[in-house]
Asks: 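To start, I am sharing the structure in question, which I have written as structure tokens.
Just so we're on the same page: letters track the sequence lines, and every chain starts at 1.
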Number of protein chains: 2
Amino acid sequence: MESRIERLCIERGLKMTGQRRVIARVLSDAADHPDVEELYRRASALDRRISIATVYRTVRLLEEQGILARRDFGGGRARYEPSEHGHHHHLIDVDTGRVIEFEDPEHERVLAAIAARLGFDLVSYRLTLFGRRPGARTAAARPGTSADRPARPPSAAEAGR
Amino acid sequence: MESRIERLCIERGLKMTGQRRVIARVLSDAADHPDVEELYRRASALDRRISIATVYRTVRLLEEQGILARRDFGGGRARYEPSEHGHHHHLIDVDTGRVIEFEDPEHERVLAAIAARLGFDLVSYRLTLFGRRPGARTAAARPGTSADRPARPPSAAEAGR
DNA sequence: TTAGGTGCAAAGAGTTTGCTCGTAT
DNA sequence: ATACGAGCAAACTCTTTGCACCTAA
């Protein structure tokens, strides 16, 4: 059956190759925030004749089309999720790399007001929390660890399931 | 004279080589968020015998010591600022790449509460706004552009003065 | 004296791209 | 038929590292 993202591609008049169809399905089925390597793994499992270059080209295309959203949770690799997925933010478990989504509609207004005070229209923003389950080992809680670049999750491949 | 960051290095018992002293001075004097290449440029201007590998090694060391904070404003390169610089956030002008700092102490509480509701202790967070000066050209305002990975600023080298 | 730092060039990781061949429309 | 997509490998960008030499303490 036709996946949701495949349908969006067709609506926009994109040529639907076998590879693109498979990648569209993988993305439609993903409930997480996979990186390119993980997408490649899942797509390959469905159809061996897919190269990682095609995955890169496809996610870039879909991002340009507004179908996919690229996320950066640190660790140096881009991660993707369907963008018609509601406006939400992410909390990263610093011990496991797991990503939890949450909403907070109120923020939009507050942040637009802050931008306005600085003389800007708010175009977009990113709000990402890094947290730890109470009781989890305190790991390398380096005091100076940047809020913008937390300790790398245990494994980049493991993160974000 | 001894720069602020050099003093911090000495307090922590780090060996102070000529190169390190120069990089410490450049960082102490920086009022912006330079990337490694920019730091290298500024340090080289003061002392030609500094290699970019040393800059990379030094910022990494200083980050581990909690003296420097690494930031990620998109665009694929890490940027640095002294960490004892107060808790603040950043607004990026999407047209020029310029970084504006702002404070909003109230956020900390709200975000800690959100984390708690999800069952986490807040370790850190990042809040970055992307904005445009009213009247600026609308550029490539792709509708799908991700809040976590805005359009690349005009020039990575230009950004963040 | 010697643990640790530095320069250089090579290696890595993630991502993009040139070229040729293949295929959806 | 033909414009566009795919595979492969090379190229690119940012960052790290191995090794021989150097220097602060």
Asks: Output the rounded distance in Å from CG (B/Leu62) to P (C/dG5).
Replies: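 For the pair B/Leu62 CG and C/dG5 P, the rounded distance is 12 Å.
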
Asks: Under the rule for side-chain contact (heavy atoms from CB on, under 4.5 Å), what residues qualify as partners of B/Ser28, not counting sequence neighbours?
Replies: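 For B/Ser28 the side-chain contact (heavy atoms from CB on, under 4.5 Å) partners, ignoring immediate neighbours, are B/Ser3, B/Arg4, B/Ile5.
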
Asks: Is the distance from OP1 or OP2 of C/dT15 to the nearest side-chain N or O of A/Arg60 less than 4.0 Å?
Replies: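 So the side chain of A/Arg60 is outside the cut-off, no N or O lying under 4.0 Å from OP1 or OP2 of C/dT15.
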
Asks: Less than 6.0 angstrom separating the ring centers of B/Phe73 and B/His90, yes or no?
Replies: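 Under 6.0 Å, so yes.
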
Asks: Name the residue closer to the 5' end of DNA chain D, choosing between A/Arg20 and B/Val36 according to the nucleotide with the nearest heavy atom.
Replies: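 The answer here is A/Arg20.
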
Asks: Between atom CD in B/Gln19 and atom P in D/dT23, what is the gap in whole Å?
Replies: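 It is 9 Å, rounded to the nearest whole Å.
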
Asks: Hey, does the side chain of B/Tyr56 come within less than 4.0 Å of D/dT16's phosphate (OP1/OP2), counting only N and O?
Replies: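 Negative; the distance criterion is not met.
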
Asks: Taking CD1 from B/Ile50 and C1' from C/dG5, how many angstroms apart are they, rounded to a whole number?
Replies: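 About 13 Å, once rounded to whole Å.
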
Asks: Tell me: OH of B/Tyr40 to P of C/dT6, nearest whole Å?
Replies: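 Atom OH in B/Tyr40 sits about 14 Å away from atom P in C/dT6.
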
Asks: Nearest whole angstrom, please: distance from the P of D/dT13 to the CG of B/Asp35.
Replies: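 Going from B/Asp35 (CG) to D/dT13 (P), I get 14 Å.
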
Asks: What pairs meet the salt bridge (Lys or Arg N to Asp or Glu O under 4.0 Å) rule with one or both residues in residues 12-24 of chain B, with sequence neighbours excluded?
Replies: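 As it turns out, the salt bridge (Lys or Arg N to Asp or Glu O under 4.0 Å) pairs with a partner in residues 12-24 of chain B, which skip direct neighbours, are B/Glu6-B/Arg21.
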
Asks: Could you check how far CZ of B/Arg12 sits from C1' of C/dG4, rounded to whole Å?
Replies: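 Taking atom C1' of C/dG4 as the reference, CZ of B/Arg12 is at 19 Å.
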
Asks: I need a per-nucleotide contact map over nucleotides 18-25 of chain C, read 5' to 3'. Cutoff is protein heavy atoms under 4.0 Å; write B for the base, S for backbone only, - otherwise.
Replies: B-----BS

Asks: Got a salt bridge between B/Arg60 and B/Glu63, using NZ or NE/NH1/NH2 to carboxylate O under 4.0 Å?
Replies: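 A salt bridge is absent here (no side-chain N lies under 4.0 Å from a carboxylate O).
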
Asks: Could you tell me which residues satisfy ring pair (Phe, Tyr, Trp, His ring centres under 6.0 Å) with B/His89, sequence neighbours excluded, listed by chain and number?
Replies: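 B/His87, B/Phe102, B/Tyr125.
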
Asks: Please report the distance, rounded to the nearest Å, between CZ in A/Arg48 and P in D/dC8.
Replies: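 Taking CZ of A/Arg48 and P of D/dC8, I get 12 Å after rounding.
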
Asks: Can you sort out the partners of A/Asp121 under salt bridge (Lys or Arg N to Asp or Glu O under 4.0 Å), two or more places apart, ordered by chain and number?
Replies: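 For A/Asp121, no residue satisfies salt bridge (Lys or Arg N to Asp or Glu O under 4.0 Å) once neighbours in sequence are set aside.
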
Asks: B/Leu61 CG to D/dA24 P: how many Å, rounded?
Replies: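 Between P of D/dA24 and CG of B/Leu61: 17 Å.
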
Asks: For B/Asp104, check side-chain hydrogen bond (donor to acceptor under 3.5 Å, both in side chains) against everything at least two apart and list the hits.
Replies: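 side-chain hydrogen bond (donor to acceptor under 3.5 Å, both in side chains) check on B/Asp104 returns B/His107.
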
